[in-house]
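Order of listing sets the numbers, starting from 1, for every ligand and every atom in it. Just so you know, residue 1 is the first one in the sequence shown, and it goes up from there. Quick caveat: nothing in here was measured; it's all calculated off a predicted structure.
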Amino acid sequence: MQEEIKKAAEIICQARKTVALTGAGISVESGIPDFRSAGGLWERFDPMEYGTIQAFRTDPEKVWTMLHEMSAVMKKAQPNPAHKGLARLQKMGKLHNIITQNIDDLHQAAGATDVIEFHGNCKTLVCLACDQRLGAEEIEEGLTPRCACGTILKPNVIFFGEPIPSGALPEAYALVSSCHVLLVVGTSAEVTPASTIPYTAKMAKAKIVEINLMPTVLTESLTDIFLQGKASEIVTKLVHEVERMVSRG
Ligand code: NAD
C-alpha cells in the first residue's frame, strides 16, 4: 500500500492540475453515515417517499421528519483528517478544485476553497414559493421551518428529480476535462450525473486515483491507482508523502 501511495503522490506532484471528486464516504468518519450502507438513511426512509422533489411538494411536513434527523447529525459533524488533508493539498497548490456531492459543508469548514457543491448545501433553506433564502441556523430545533410567506422551507439541496445547481455541471466538466489527476474519494460513483465525472476526466487522459473502503464500479474499469482504506487514514498518508516529495524538491 505504501508503494501505491508513493505512486499516487508522485503523479500528484507532477500534475499541473489535480481535481478531487468526493462523496458521502469522506464524511462517514465525521459521524455522517452514507445513505446506502446498512442502517443508512435510505434503509429507514424510502427515498421515493422522502427523497424526491415530488414527495416534498406533496407532503413537506412528512419529509421534514427525515430532514430533522439528518440536519441534527450534520449540525454536530466536524471536518475529519480527510477533509483537512484535501484543504492542506490545496494550500500547497497540489489540489486545485474539489467537486463534492456532499451537502454537509465540511470541506469549507476544513478550510478548503474552490468547492463545487454538486448537490447543494444544507446550511441554507429555500422557499419554493417566493425563492426567499434563510440560514439553517436561524430555524428552531424540531420545528418545521416556514418562510415569512407561510410556505414550508426546503433545504437548499438537490432532491431526486431536481436539476443540478445551474453552472455546477458545466463547471465540473470543464475542470475535469483539463485536469491531469482526478482524486476520487468516498463515492460509490453510482449517482448520476456526478458518476459521469470520472469518465469525462479519463477521456481527457487524466489519471484516476481512487480512495475507498471497498472497490466500486470505477475500480476495475477506470481507476489507475486504487488506495483501499478509510479516507482519513489514506488521505493523511498521501498528504505526508506529497509534503515529503515537495520538501525534497
Ligand atoms: P454513497 O453512499 O453512494 O457511497 C459512499 C461510498 O463511500 C461507498 O463507496 C463506500 O464504500 C465509501 N466509504 C464509506 N465509508 C468510507 C470511509 N470511511 N472512507 C472511504 N470510503 C468510504 O455516496 P455518494 O457516492 O456520495 O452518493 C450518495 C448521495 O447521497 C450523494 O448524492 C450525496 O449528496 C448524498 N449524501 C451526502 C452526505 C453528506 O453530505 N455527508 C451523506 C450521505 C449522502
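- Remark: the N121 side chain and the D105 side chain contain an N/O donor-acceptor pair separated by less than 3.5 Å.
- Checked by distance only, ligand 1 and T216 stay at 3.5 Å or farther apart across all their nitrogen or oxygen atoms.
- Counting only heavy atoms of the protein, atom 2 (O) of ligand 1 lies nearest to D34 CB, 3.2 Å.
- Looking only at protein heavy atoms, the nearest one to atom 31 (C) of ligand 1 is H119 ND1, 3.7 Å.
- Using a 4.0 Å cut-off between charged side-chain N and carboxylate O, E162 and K154 make a salt bridge.
- Salt bridge K62/E49: present, at least one basic N to carboxylate O contact under 4.0 Å.
- For ligand 1, the atoms closer than 4.0 angstrom to any heavy atom of S27 are 41 (N).
- Remark: ligand 1 atoms within the under-4.0 Å shell around heavy atoms of G229 are 19 (N), 20 (C).
- Nearest protein neighbour of atom 28 (C) of ligand 1, counting heavy atoms only, is R36 NH1, 3.6 Å.
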#### Entry: side chain to side chain donor-acceptor pair (under 3.5 Å) assessment of T219 paired with E210
CA-CA 7 Å; T219 313; E210 186 184 15; 2.9 Å; yes
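- Using a 4.0 Å cut-off between heavy atoms, N212 contacts ligand 1 through both its backbone and its side chain.
- Electrostatic pairing of E61 and R146 counts as a salt bridge here, judged by a charged N lying under 4.0 Å from a carboxylate O.
- Listed by number with element, the atoms of ligand 1 under 4.0 Å from a non-hydrogen atom of M214 are 11 (O).
- Contact annotation for N102 and ligand 1: heavy atoms of both the backbone and the side chain come within less than 4.0 Å of the ligand.
- Protein heavy atom closest to atom 36 (N) of ligand 1, with residue, atom name and distance, is F35 CE1, 3.6 Å.
- Between A24 and ligand 1, at least one pair of N/O atoms sits closer than 3.5 Å.
- Salt bridge absent: D224 and K7 never bring a charged side-chain N and a carboxylate O closer than 4.0 Å.
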### Task
Given side chain to side chain donor-acceptor pair (under 3.5 Å), test Q108 with E117 step by step and report yes or no.
CA-CA 10 Å; Q108 292 90 331; E117 292 176 314; 3.0 Å; yes
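- Residue T187 touches ligand 1 through backbone and side chain together, judged by heavy-atom distances below 4.0 Å.
- Nearest heavy atom pair, residue V242 against residue C13, reads CG1-SG, 3.9 Å.
- Residue contacts with ligand 1: K230 is placed with no nitrogen or oxygen under 3.5 Å of a nitrogen or oxygen of the ligand (distance criterion only).
- Under the rule for a ring pair (Phe, Tyr, Trp, His ring centres under 6.0 Å), H240 has no partner lying at least two apart in sequence or in another chain.
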### Task
Check step by step if side chain to side chain donor-acceptor pair (under 3.5 Å) holds for T100 and T22.
CA-CA 5 Å; T100 189; T22 67; 2.7 Å; yes
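- Remark: the backbone N or O of S27 is not paired with any side-chain donor or acceptor of N80 at under 3.5 angstrom.
- Within ligand 1, the atoms closer than 4.0 Å to a non-hydrogen atom of E29 are 17 (C), 18 (N), 19 (N), numbered from 1 in the order shown.
- Annotation: atom 17 (C) of ligand 1 to nearest protein heavy atom, G25 O, 3.4 Å.
- Annotation for ligand 1: atoms under 4.0 Å from non-hydrogen atoms of G23 are 26 (O).
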#### Entry: side chain to side chain donor-acceptor pair (under 3.5 Å) evaluation trace for K94 with T18
CA-CA 7 Å; K94 294 294 170 198; T18 296; over 6 Å; no
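- Both the backbone and the side chain of A231 come within 4.0 Å of ligand 1, counting heavy atoms alone.
- In summary, the atoms of ligand 1 found under 4.0 Å from a heavy atom of V191, numbered by their order in the structure, are 27 (O).
- A donor-acceptor pair under 3.5 Å links the side-chain atoms of K202 to the main chain of L222, judged by distance alone.
- When E210, E117, Q101, E233 are checked for heavy-atom proximity to atom 34 (O) of ligand 1, Q101 turns out nearest.
- Among all non-hydrogen protein atoms, the one lying nearest atom 21 (N) of ligand 1 is L213 N, 3.3 Å.
- Salt-bridge formation is not detected for the pair K75/E137: no Lys NZ or Arg NE/NH1/NH2 atom is positioned less than 4.0 Å from an Asp or Glu carboxylate oxygen.
- Residue I103 holds the heavy atom nearest to atom 40 (O) of ligand 1 of all those in I158, V235, I103, I234.
- Of the N or O atoms in P33, none lie within a sub-3.5 Å distance of an N or O in ligand 1.
- Looking at ligand 1, you'll find an N or O of G186 within less than 3.5 Å of one of its N or O atoms.
- Ionic pairing of E241 and R244 is present here: one or more N-O contacts between side-chain nitrogen and carboxylate oxygen are shorter than 4.0 angstrom.
- The protein non-hydrogen atom at the shortest distance from atom 41 (N) of ligand 1 is D104 OD2, 2.7 Å.
- Here's the thing with E190: none of its N/O atoms is less than 3.5 angstrom from an N/O atom of ligand 1.
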